[in-house]
Asker: 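Please find one structure pasted underneath; my questions will follow.
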Amino acid sequence: MIHPLAARTAESVAELLADPAPATADSHRQHLAYGPTGIALLHIERAALEEGSWQRAHSWLTAATHEPFTSGPGSHPFYGAPALAHALACVAEHLPDAYRGARKALHRQLSADVRRRLESAHRRADAKHLPELAEFDTIRGLVGYGSYLLRHHPSGSEIRSVLDYCVRLTEPIVHEGETLPGWWTLTGPSGRPDDRFPGGHANTGMAHGIGGVLALLALAVRRGVTVEGHREAISVILGWLDQHQGATGSGVAWPYWVTRDELRANHSTPAPPRRPSWCYGTVGIARAQQLAALALGQAGRQIAVETAAVAALADPAQLKVTTDTGLCHGVAGLCHVAARIAGDAHASTAGQLRAAIPPLLDSVCPPGSPPEELAKELLRNEEAGNGLLNGTAGTALALLAPATTGLTRSSWDSCLLIA
């Protein structure tokens, strides 16, 4: 075991979240990020590790489904029926007969949603209009649907259609006489008009930007699911990230986004130290590029991006602005993504990556602290809540693999496109 205290803290969190209290179960009921389906993933992973019971996962899923889930235009990969489909599919990897009827019904609905979204996206592209973030991103868009389809229905036609769309997204679009990347949006990073982003922006992140598209394309190659133009699209994204990378003083980093002025200047403005998180940041983008390098057989790039991740994980300036513990943009999330990178790392960097994890675990679970008290302290953070992305369950989940074997037994993190 790499870090017994972190492992025991995760166990203590699971014990405190053993049973769904009514208030917790009803809060954000349909949301994977904040609600009971996300908390169920903690119990699913622990049951898969043979450290917890499947009944606890079932209790949380039952609490979430006492009313029908939203499907169709009101849903997305982290909300409604698709979010529930992800959780049930994670169970089915270990209990194939579990929720069989529900899973089939959810897949039919999800497939219909994907077809509808693809038709809309291609109409937009045919008209030479720029996309919105929610059309393609990991949290709300087609890339998020693709993560589910690639993991659970890799031989179906829907995943190939999503990959075809991703390839098309890398084709440039001429807008008002200016050639822009095909993933350029006219809004700010929130997805809404923003005066701070005149002319819009290109988002690099794993949660809402081209990082998620790159990761999906790369994972698909590694699993033998490819479409026409697939590898070329990966190369386009990698070339664009190369163009906009910068130095931090400790290593290479990538911006959260590129503005219209930066695009015209052909370089990004140096930014103050930022969190190197999964959602936006160097460690998340490094994982996407590592997967791409492995897919294309580019050992030099693989070593370079793994080295960038090592530097970010040990950079005091970047860690200083990483002020929470959560999965999405906190320290526990860094630990989990680092463990995923280390699991696929080149021999020359694997040891450095593994060595970077224990100090991060120490910062979440200071040596000598009682694990039960650490767990209670995490649960007392009402602002973060108990959910997956920012909350207690996600922190505990993110601690499990780095603190124990370094391996994940369920595909709970496939929704993050890091595996």
Side-chain angles (χ1 to χ4, degrees), residues 117-138 140-146 160-194 196-221 226-246 254-269 280 285 288-289 291-293 295-296 298 301 305 417:
R117 283 172 171 259
L118 284 169
E119 289 170 2
S120 176
H122 286 300
R123 284 197 302 272
R124 185 271 310 162
D126 289 343
K128 307 299 182 184
H129 294 157
L130 294 165
E132 296 181 2
L133 291 174
E135 177 184 291
F136 65 84
D137 74 11
T138 301
R140 301 163 297 177
L142 282 161
V143 168
Y145 285 97
R160 293 183 180 278
S161 295
V162 171
L163 294 172
D164 280 330
Y165 160 80
C166 289
V167 170
R168 189 175 190 186
L169 192 69
T170 65
E171 298 173 359
I173 292 179
V174 177
H175 177 75
E176 296 179 350
E178 191 167 5
T179 301
L180 302 172
W183 60 91
W184 193 274
T185 63
L186 294 176
T187 67
S190 68
R192 296 184 293 272
D194 192 327
R196 296 172 299 172
F197 293 85
H201 81 295
N203 198 295
T204 63
M206 287 286 279
H208 299 297
I210 200 62
V213 179
L214 177 62
L216 178 63
L217 288 168
L219 286 166
V221 171
T226 59
V227 297
E228 185 177 354
H230 197 130
R231 289 175 174 80
E232 292 81 357
I234 292 174
S235 296
V236 166
I237 300 170
L238 289 174
W240 189 82
L241 289 171
D242 288 346
Q243 181 180 334
H244 292 284
Q245 73 181 25
W254 293 270
Y256 284 7
W257 46 68
V258 174
T259 67
R260 187 70 73 93
D261 286 344
E262 289 169 335
L263 185 73
R264 290 166 178 158
N266 207 31
H267 69 84
S268 298
T269 304
Y280 283 98
I285 297 173
Q289 292 199 62
L291 291 169
L296 299 183
Q298 296 180 355
R301 178 181 294 276
V305 298
L417 280 167

Asker: Considering residues at least two apart in sequence or located in another chain, which fulfil the side-chain hydrogen bond (donor to acceptor under 3.5 Å, both in side chains) criterion with Ser161?
Answerer: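 Checked Ser161 against side-chain hydrogen bond (donor to acceptor under 3.5 Å, both in side chains); zero matches.
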
Asker: Within the structure provided, determine whether His230 and Leu217 are in side-chain contact (heavy-atom separation under 4.5 Å).
Answerer: yes

Asker: Could you pull out the closest heavy-atom pair between Thr170 and Val167, with the gap in Å?
Answerer: OG1-O, 2.6 Å

Asker: Which value, rounded to the nearest 0.5 Å, describes the distance between Met206 atom CE and Thr138 atom OG1?
Answerer: 6.5 Å

Asker: Show me the pairs that pass salt bridge (Lys or Arg N to Asp or Glu O under 4.0 Å) and involve residues 235-246, at least two apart or across chains.
Answerer: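 Residue pairs passing salt bridge (Lys or Arg N to Asp or Glu O under 4.0 Å), neighbours aside: Asp242-Arg301.
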
Asker: Indicate the atoms forming the closest heavy-atom contact of Gly188 with Phe197, along with that distance.
Answerer: CA-CD1, 4.0 Å

Asker: For residues 126-135, dump all side-chain donor-acceptor pairs below 3.5 Å to protein atoms at least two apart in sequence or in another chain.
Answerer:
residue, atom, partner, partner atom, Å
Asp126, OD1, Arg168, NH1, 3.2
Asp126, OD1, Arg168, NH2, 2.6
Glu135, OE1, Arg124, NE, 3.2
Glu135, OE2, Arg124, NH2, 2.5
Glu135, OE2, Tyr165, OH, 2.6

Asker: Is a side-chain N or O of Trp184 found less than 3.5 angstrom from the main chain of Gly199, in a donor-acceptor match?
Answerer: yes

Asker: Check whether Ser120 reaches the backbone of Arg117 with its side chain - one donor and one acceptor, N or O, closer than 3.5 Å.
Answerer: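 Not confirmed, Ser120 side chain does not pair with Arg117 backbone.
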
Asker: Measure from the side-chain N and O atoms of His208 to the backbone N and O of Asn203, and report whether any donor-acceptor pair falls under 3.5 Å.
Answerer: no

Asker: Could you pull out all residues at least two apart from Tyr256 that satisfy side chain to side chain contact (heavy atoms under 4.5 Å, CB included)?
Answerer: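 With neighbours one apart ignored, the set is Arg274, Arg275, Tyr280.
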
Asker: Heavy atoms only: give me the nearest Val227-Arg160 pair and the separation to one decimal.
Answerer: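 That closest heavy-atom pairing would be CG1-O, 3.7 Å.
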
Asker: CG/Leu291 to CG/Leu219 distance, rounded to the nearest 0.5 angstrom?
Answerer: 5.0 Å

Asker: Not counting sequence neighbours, which residues clear side-chain hydrogen bond (donor to acceptor under 3.5 Å, both in side chains) with Asp194? List them please.
Answerer: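 Asp194: side-chain hydrogen bond (donor to acceptor under 3.5 Å, both in side chains) contacts with Arg196.
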
Asker: Tell me, please, which residues at least two apart from Ser235 pass side chain to side chain contact (heavy atoms under 4.5 Å, CB included).
Answerer: Leu296

Asker: According to salt bridge (charged side-chain N to carboxylate O under 4.0 Å, His left out), who are the partners of Arg140, at least two apart in sequence or on a separate chain?
Answerer: Asp137

Asker: Nearest 0.5 angstrom please: Leu118 CG to Asp164 CG, how far?
Answerer: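 Between atom CG of Leu118 and atom CG of Asp164 there are 9.0 Å.
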
Asker: Closest heavy-atom contact between Ala288 and Gly211?
Answerer: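 Answer, listing the atom of Ala288 first, then Gly211: CB-O, 3.6 Å.
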
Asker: Mind checking what makes side chain to side chain contact (heavy atoms under 4.5 Å, CB included) contact with Arg192, not counting sequence neighbours?
Answerer: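 Here the qualifying residues are Ser190.
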
Asker: Among residues at least two apart in sequence or on other chains, which ones pass side-chain hydrogen bond (donor to acceptor under 3.5 Å, both in side chains) with Thr185?
Answerer: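 Residues passing side-chain hydrogen bond (donor to acceptor under 3.5 Å, both in side chains) with Thr185: His201.
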
Asker: Contact between Val221 and Arg231 at the side-chain level, heavy atoms closer than 4.5 Å - yes or no?
Answerer: yes

Asker: Within the 4.5 Å heavy-atom criterion, are Phe136 and Val213 side-chain neighbours or not?
Answerer: yes

Asker: Using the test side chain to side chain contact (heavy atoms under 4.5 Å, CB included), find all partners of Ala292 that sit at least two apart in sequence or belong to another chain.
Answerer: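 For Ala292 the side chain to side chain contact (heavy atoms under 4.5 Å, CB included) partners, ignoring immediate neighbours, are Leu214, Ala218, Ile234, Leu238.
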
Asker: Taking all heavy atoms of Leu142 and all of Ala121, pick out the closest pair and write down the distance.
Answerer: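 So the two residues come closest at CD1-CB, 4.2 Å.
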
Asker: Can you give me every donor-acceptor pair (side chain of residues 171-182, partner residue at least two apart or in another chain, under 3.5 Å) with its distance?
Answerer:
residue, atom, partner, partner atom, Å
Glu178, OE1, Arg260, NH1, 2.9
Glu178, OE1, Arg264, NE, 3.4
Glu178, OE1, Arg264, NH2, 3.1
Glu178, OE2, Arg264, NE, 3.0

Asker: Could you pull out all residues at least two apart from Trp183 that satisfy ring-ring contact (aromatic ring centres under 6.0 Å, His included)?
Answerer: Trp240

